[in-house]
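Hydrogens, waters and symmetry mates play no part in the numbers below; they use all other heavy atoms, side chains included. Note on naming: letters A, B, ... go to the chains in the order of the sequence lines (proteins, then strands), and numbering restarts at 1 for each one.
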2 protein chains.
Amino acid sequence: MAGTRLDPIDRKILAELQADGRMTNVELAKRVGISAPPCLRRVRTLEEQGYIKGYHADVDARELGFEVQVYAMVGLASQAEADLSAFEEKCRHWPLVRECHMLNGEVDFILKCVAPDLSGFQKFLTGQLLTTANVASVKTSLVIRGAKDEPGVPFDILEERLSTLP
Amino acid sequence: MAGTRLDPIDRKILAELQADGRMTNVELAKRVGISAPPCLRRVRTLEEQGYIKGYHADVDARELGFEVQVYAMVGLASQAEADLSAFEEKCRHWPLVRECHMLNGEVDFILKCVAPDLSGFQKFLTGQLLTTANVASVKTSLVIRGAKDEPGVPFDILEERLSTLP
DNA sequence: AGTGAAAGTACAGCTGA
DNA sequence: TCAGCTGTACTTTCACT
């Protein structure tokens with residue numbers, strides 16, 4: 001898995017599909033410089049090996065009525081593994097929580113939440129998050145405006161690194 | 001644009017393409033209950049109107065050698081609009097910064113960064129971010145582990161809301 | 001290379017204001 | 001009536017063996 005290193009063509013495929021996940025296979029093949037059939041085999045292999053975890057349309061949250069984005073920093077009373085896992089499981093079941101990451105430092109978790117409006121978020125905050133067992137502190141920050149939101153990884157950095165240490 | 005409301009089929013299309021952005025049009029048409037040609041026309045319209053902003057393959061950052069994810073909370077010395085914009089523009093040019101959002105509250109911006117390793121991030125932190133004009137404070141938190149990372153919005157919540165207030 | 005399926009186009013019928 | 005959306009039929013392009 002981790003031993004199966006990728007060649008430059010595989011990395012190009014990943015970079016192209018990260019930029020446009022709905023590109024046809026022939027277009028992709030043209031861009032990476034091989035013919036279509038082997039290109040398709042490579043894509044399937046990358047999917048099976050987990051380098052590609054899925055494909056998603058990027059929908060406009062605001063246009064769909066989710067006007068509010070909030071980051072919530074959560075501190076727990078107990079950081080025992082069972083308690084951490086229990087909180088993570090809660091987050092997986094809350095639809096308004098789109099991301100949940102465990103952090104080092106002062107807070108234990110950062111949550112990225114969306115909501116239709118402020119009152120919708122407040123309802124979630126006071127009715128769900130703050131009433132959850134073991135939640136000791138929650139600090140929320142509203143997103144005033146988004147300046148950059150690029151999914152995935154910077155492939156140019158990856159290529160730079162690989163060219164310096166082969 | 002905002003006036004052009006979506007019907008239930010459009011919302012179903014968005015939900016399906018958010019879940020699987022590489023689904024074929026005929027499969028999509030089958031799932032939303034119409035035939036392929038009008039389905040394709042709807043997809044094109046949704047793209048043109050900006051409801052769909054793009055399609056992206058979800059690549060595994062760790063497998064590709066980006067072992068480190070970091071949230072950086074940035075405070076600026078001046079919050080004048082020109083200074084805020086200048087900082088946002090910087091972020092757009094830094095490949096390691098994948099997301100940049102302006103927040104209310106104590107900090108001005110939250111940055112989601114990826115890096116190949118800790119030293120790679122430290123190099124960015126000390127060499128780029130901390131030396132940027134107007135940056136007053138930076139607090140970083142390493143992502144220990146990810147518990148949830150769902151792109152987009154929860155369509156089930158959207159349908160709930162629309163069914164209660166038509 | 002070749003087959004079967006999907007994407008995309010043109011046109012005609014249906015439905016609701 | 002007319003606008004808008006739908007489905008059928010057809011051509012081109014693509015996926016897959």
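Without hydrogens or angle criteria, A:Lys148 side chain to B:Glu99 main chain gives no donor-acceptor distance under 3.5 Å. Between the side chain of A:Arg31 and the backbone N or O of A:Glu16, no donor-acceptor pair lies under 3.5 Å.
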Q: Any chance you could list the contact pattern along nucleotides 8-17 of chain D? Use B for base contacts, S for sugar-phosphate-only contacts and - for none, protein heavy atoms under 4.0 Å, 5' to 3'.
A: B-----SSS-

**Q.** Residues A:Tyr55, B:Tyr55; criterion ring pair (Phe, Tyr, Trp, His ring centres under 6.0 Å); working and verdict
**A.** CA-CA 7 Å; A:Tyr55 303 89; B:Tyr55 302 89; over 10 Å; no

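Applying the side chain to side chain donor-acceptor pair (under 3.5 Å) rule to A:Lys123 yields no partners; only residues at least two apart in sequence or on another chain are considered.
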Donor-acceptor contacts under 3.5 Å from residues 66-79 of chain B side chains, at least two apart:
from    : atom 1 : to       : atom 2 : distance (Å)
B:Tyr71 : OH     : A:His101 : NE2    : 3.4
B:Ser78 : OG     : B:Ala80  : N      : 3.2
B:Ser78 : OG     : B:Asp83  : OD2    : 2.3
B:Gln79 : NE2    : B:Leu76  : O      : 3.1
B:Gln79 : NE2    : B:Asp108 : OD1    : 3.3
B:Gln79 : NE2    : B:Asp108 : OD2    : 2.9

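Between B:Ile34 atom CD1 and D:dG4 atom P the separation is 18 Å, expressed in whole Å. Look at CG on B:Asp7: it is 7 Å from P on D:dT6, rounded to the nearest Å.
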